[in-house]
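One structure below.
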Amino acid sequence: MSQVNLMKTDIRETADTYLLDIEIPGCKKEDIEIYVKNKELYVKVNKLKNMTGKVLKRECFNGEYTRTYGLGDIQNVDGHLSAKVENGMLTITIDKIAYKKDKTFVTIE
């Protein structure tokens, strides 16, 4: 599978937030790690699928993939970033405030 097809993302802006809608079909919240480091948002998916028998063709994602999103001039993320997984879609909500430089992990609802 081409990496271009992994984690397709729509980014929206409201008056108070930025919203990232990221396609992650077949993934559960336990498969996802989200963190902020050096003004970048990292979304890491680790989906390992054990298949029995001889695999003749594989098109579905299997393995680990990380996508990075630049955050610009924002400086502090604590308490202002949330994530939710529903129906193959990861939605990350970022309040319009500044981010911290050190690595911060996010709990997925």
Side-chain angles (χ1 to χ4, degrees):
M1 175 179 269
S2 168
Q3 289 187 354
V4 173
N5 293 324
L6 297 174
M7 298 172 66
K8 291 181 183 176
T9 305
D10 292 332
I11 301 174
R12 301 177 281 140
E13 180 179 10
T14 69
D16 299 322
T17 62
Y18 294 104
L19 298 152
L20 286 79
D21 295 318
I22 305 168
E23 288 183 352
I24 52 160
C27 293
K28 301 174 286 202
K29 70 179 186 177
E30 295 83 14
D31 300 330
I32 306 163
E33 183 180 336
I34 301 169
Y35 60 93
V36 174
K37 183 178 179 183
N38 299 327
K39 296 187 180 184
E40 293 186 318
L41 174 69
Y42 292 82
V43 178
K44 179 179 172 183
V45 174
N46 188 1
K47 181 182 171 194
L48 296 175
K49 182 177 180 181
N50 291 326
M51 299 175 76
T52 57
K54 182 178 178 182
V55 177
L56 300 176
K57 183 173 183 165
R58 180 177 295 223
E59 291 184 353
C60 298
F61 176 70
N62 186 45
E64 185 177 290
Y65 184 74
T66 302
R67 180 142 183 210
T68 306
Y69 303 88
L71 296 172
D73 295 331
I74 299 174
Q75 298 296 323
N76 185 358
V77 70
D78 291 338
H80 299 284
L81 193 146
S82 62
K84 182 179 181 180
V85 175
E86 189 172 47
N87 298 325
M89 186 70 67
L90 169 64
T91 301
I92 299 174
T93 303
I94 306 169
D95 293 338
K96 288 185 174 178
I97 59 135
Y99 283 91
K100 241 164 91 165
K101 287 185 178 180
D102 53 334
K103 192 172 183 178
T104 304
F105 285 87
V106 178
T107 303
I108 302 171
E109 297 176 13

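If you read the sequence from its start, that first residue is 1, and numbering goes on from there. What's counted below: heavy atoms across the whole structure, side chains too, no hydrogens, waters or symmetry copies.
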Those residues at least two apart in sequence (or on a different chain) that pass side chain to side chain contact (heavy atoms under 4.5 Å, CB included) with Asp21 are Asp10, Arg12, Met89, Thr91
Check whether any side-chain heavy atom of Leu90 sits under 4.5 Å from a side-chain heavy atom of Val45, and report yes or no.
no
State the CD1-CD1 distance between Ile22 and Ile34, to the nearest 0.5 angstrom.
7.0 Å
Working to the nearest 0.5 angstrom, can you tell me the gap between Thr17 OG1 and Glu13 CD?
8.5 Å
Side chains of Thr9 and Val43: does their closest heavy-atom pair fall under 4.5 Å?
no
Using a 4.5 Å cut-off on heavy atoms from C-beta on, say whether the side chain of Asp31 contacts that of Asn46.
no
Rounded at 0.5 Å granularity, tell me how far NE2 in His80 sits from OG1 in Thr93.
13.5 Å
The criterion is ring pair (Phe, Tyr, Trp, His ring centres under 6.0 Å); which residues satisfy it with Tyr42, sequence neighbours excluded?
Tyr35
With the side chain counted from C-beta on, respond yes when Ile94 and Tyr69 share a heavy-atom pair under 4.5 Å apart, and no when they do not.
no
With hydrophobic residues grouped by side-chain heavy-atom distances under 4.5 Å, do Leu19 and Val36 end up in a single group?
no
Reference residue Thr66; test side-chain contact (heavy atoms from CB on, under 4.5 Å); the match among Lys44, Glu33, Met7
Lys44
